[in-house]
Enquirer: 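Sharing a structure, written as structure tokens. Questions coming.
Order of the sequence lines fixes the chain letters, A, B, ..., with proteins taken first and strands second; residue numbering starts at 1 for each chain. Just so you know, these numbers use all the heavy atoms, side chains as well, and skip hydrogens, waters and symmetry mates.
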Amino acid sequence: MTTDWTPAALSRDIPAASAAPGQLGETDLAIWRSASGRIAAWSDRCPHRGMRLSHGFVRGERLSCIYHGWGYGEGGQCVRIPAHPELTPPEAIKVPVFAAAEASGVVWVADGTPAGAPPEFPGFEGFRSLRIHAPATVLARAFGGAGHVIEGTLGPCAVVALIQPLPGNVSALHLLAPEGAGPATLDALSLAAEALRRTAEAQAEQAEEETA
Amino acid sequence: MIFYDYILSPSCYRVRLFAAVIGRRLDLRAVDFHPGQEHRSDAMLALNPAGTLPVLKDDGIVLTESTAILTYLAAHDAPAWLGDDTPVMRARVAQWLAFAQRLTDSAGAARAHDMLLAPGDIDALRAEATTALRELEAALSAARRRGESFLAGNRPTIADIACFPHVALAPDGGLPLDPYPSIRLWMRALRGLEGFIEMPGIHRLHELLPEPGPMPDVIRKERA
Ligand SMILES: N[C@H](CCC(=O)N[C@@H](CS)C(=O)NCC(=O)O)C(=O)O
Ligand code: FES
């Protein structure tokens with residue numbers, strides 16, 4: 001596991017007081033935003049019985065599990081067990097916490113403490129996240145680049161493509177579009193992204209058949 | 001209005017949910033679909049030769065398509081839900097009502113395969129369902145860019161109600177919803193509707209389940 005930042009979601013897809021599933025390497029994450037707007041990335045397993053915390057609900061600065069309502073606050077610490085409201089939950093009941101930070105409308109996560117802040121892409125903002133059934137390398141090549149951060153052109157406009165490798169030869173494409181691009185441009189960009197996905201998936205399938 | 005219902009059927013839930021949201025009382029008749037096969041009894045086949053649920057019976061009419069039942073209830077009690085404001089809105093409602101059938105035939109069939117051991121080519125069903133979910137995600141992300149939260153405009157219509165159950169239950173058919181952020185936000189808006197009711201596997205927004213009785217989700221995790 002690296003201590004580099006990994007792009008895991010777009011800020012616009014996780015509004016205040018909501019939780020969403022995410023991924024860091026093999027680890028399932030609950031990425032959530034408090035009512036006051038703070039972003040956090042925790043392990044997606046409730047310490048009680050393992051329910052996914054990304055299915056949970058946010059009240060104020062606390063994420064609660066949908067199953068029995070255990071509430072977790074600052075640092076993943078369990079602060080409330082509804083069945084025993086008088087009890088101060090033991091300190092040991094804690095959700096593993098990961099580093100999370102936002103830049104240019106992207107939610108970045110890391111295991112450990114990365115050296116610096118996540119990268120900024122001035123003039124760009126989060127557009128769409130797409131799941132692609134192709135390895136990161138194949139997706140990058142289909143886009144005409146290499147690596148996990150590619151600045152280039154897609155359909156009608158300049159974009160930043162952030163490629164997140166996921167388990168099982170799958171990738172997430174977090175796409176940034178120019179700030180203030182008009183609706184027609186963004187509709188065309190969306191179609192271009194879908195076409196890129198088809199290309200990458202066809203290439204991945206072909207590569208798989210060749211090695212089979 | 002008499003409604004022939006099966007609690008675990010997403011198509012029946014469409015109707016129960018809509019009736020609850022618009023405040024329409026239905027006279028529910030539970031049909032022992034599984035394992036009783038009561039929907040294929042002579043009495044039920046006399047009502048619906050296709051042998052499917054749901055069925056709605058009202059004065060002078062028997063309806064056997066859930067989208068037709070939604071249309072009837074809306075026209076009867078809550079016409080705003082028909083989305084008839086403009087030609088475009090009306091056509092979008094029709095478009096998504098037909099799309100709901102694609103969801104039944106793909107995601108719904110995958111779930112029936114996994115949960116009720118119904119026959120089917122599971123890989124092909126999941127591939128079709130993935131195509132449909134991607135189309136829905138793209139449409140809802142475009143809607144968000146226009147400042148709209150629902151399929152046909154800035155308020156929910158029967159099209160949203162028709163599409164919602166099979167999407168929400170897609171994970172039961174091996175189709176996780178994690179990849180679809182706009183679908184998640186759309187479901188959130190629907191789960192927060194005034195009058196929203198649950199079915200097994202679909203919970204309302206910010207609501208705790210009662211202590212006993214594990215959520216289907218947990219059962220799913222344990223099975224995996
Ligand atoms: N006419 C369709 C039928 C929906 C449907 O497929 N219903 C399932 C239950 S969820 C069914 O009755 N299947 C009959 C069978 O498989 O024997 C509708 O109302 O949407
Ligand atoms: S599993 Fe989370 S509170 Fe019980």
Enquirer: To the nearest 0.5 Å, what is the distance between CG (Leu133(B)) and CZ (Arg131(A))?
Expert: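 Rounded to the nearest 0.5 Å, the CG-CZ separation comes out at 12.5 Å.
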Enquirer: What part of Arg197(A) gets closer than 4.5 Å to chain B, counting heavy atoms only: side chain, backbone, both or neither?
Expert: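 The side chain, not the backbone.
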Enquirer: Return yes when atom CD of Glu205(A) has more than 12 non-hydrogen atoms of other residues, nucleotides or ligands closer than 6.0 Å, and no otherwise.
Expert: no
Enquirer: Can you see which heavy atom on Arg188(B) is nearest to which on Ala17(A), and at what distance?
Expert: NH2-O, 3.1 Å
Enquirer: Answer yes or no: are there more than 12 heavy-atom neighbours, outside Gln95(B) itself, under 6.0 Å from its atom CD?
Expert: no
Enquirer: Between Asp178(B) and Arg52(A), is there a salt bridge with N-O shorter than 4.0 Å?
Expert: yes
Enquirer: State which residue, out of Leu10(A), Asp13(A), Ile14(A), fulfils the side-chain contact (heavy atoms from CB on, under 4.5 Å) condition with Pro181(B).
Expert: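 Result for side-chain contact (heavy atoms from CB on, under 4.5 Å) with Pro181(B): Asp13(A).
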Enquirer: Quick check: do Arg184(B) and Ser18(A) have side-chain heavy atoms less than 4.5 Å from each other?
Expert: no
Enquirer: Against chain B, label Gln23(A) side chain, backbone, both or neither, depending on which of its atoms sit under 4.5 Å from a heavy atom there.
Expert: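 For Gln23(A), there is no contact with chain B at all, as no heavy atom is under 4.5 Å.
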Enquirer: Of all of Arg134(B), Arg144(B), Glu137(B), Arg145(B), which one pairs up most often with chain A through heavy atoms under 4.5 Å apart?
Expert: Arg134(B)
Enquirer: Counting only heavy atoms not in Glu74(A) (residues, nucleotides, ligands), do more than 12 fall under 6.0 Å from its CD?
Expert: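 It does not: Glu74(A) CD has 12 such atoms or fewer within range.
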Enquirer: Rounded to the nearest 0.5 Å, what's the gap from OG on Ser141(B) to CG on Leu186(A)? Could you check?
Expert: 10.0 Å
Enquirer: Would you find more than 12 non-hydrogen atoms of other residues, nucleotides or ligands less than 6.0 Å from Arg90(B) atom CZ?
Expert: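 No, CZ of Arg90(B) has 12 or fewer neighbouring heavy atoms, counting only those of other groups under 6.0 Å.
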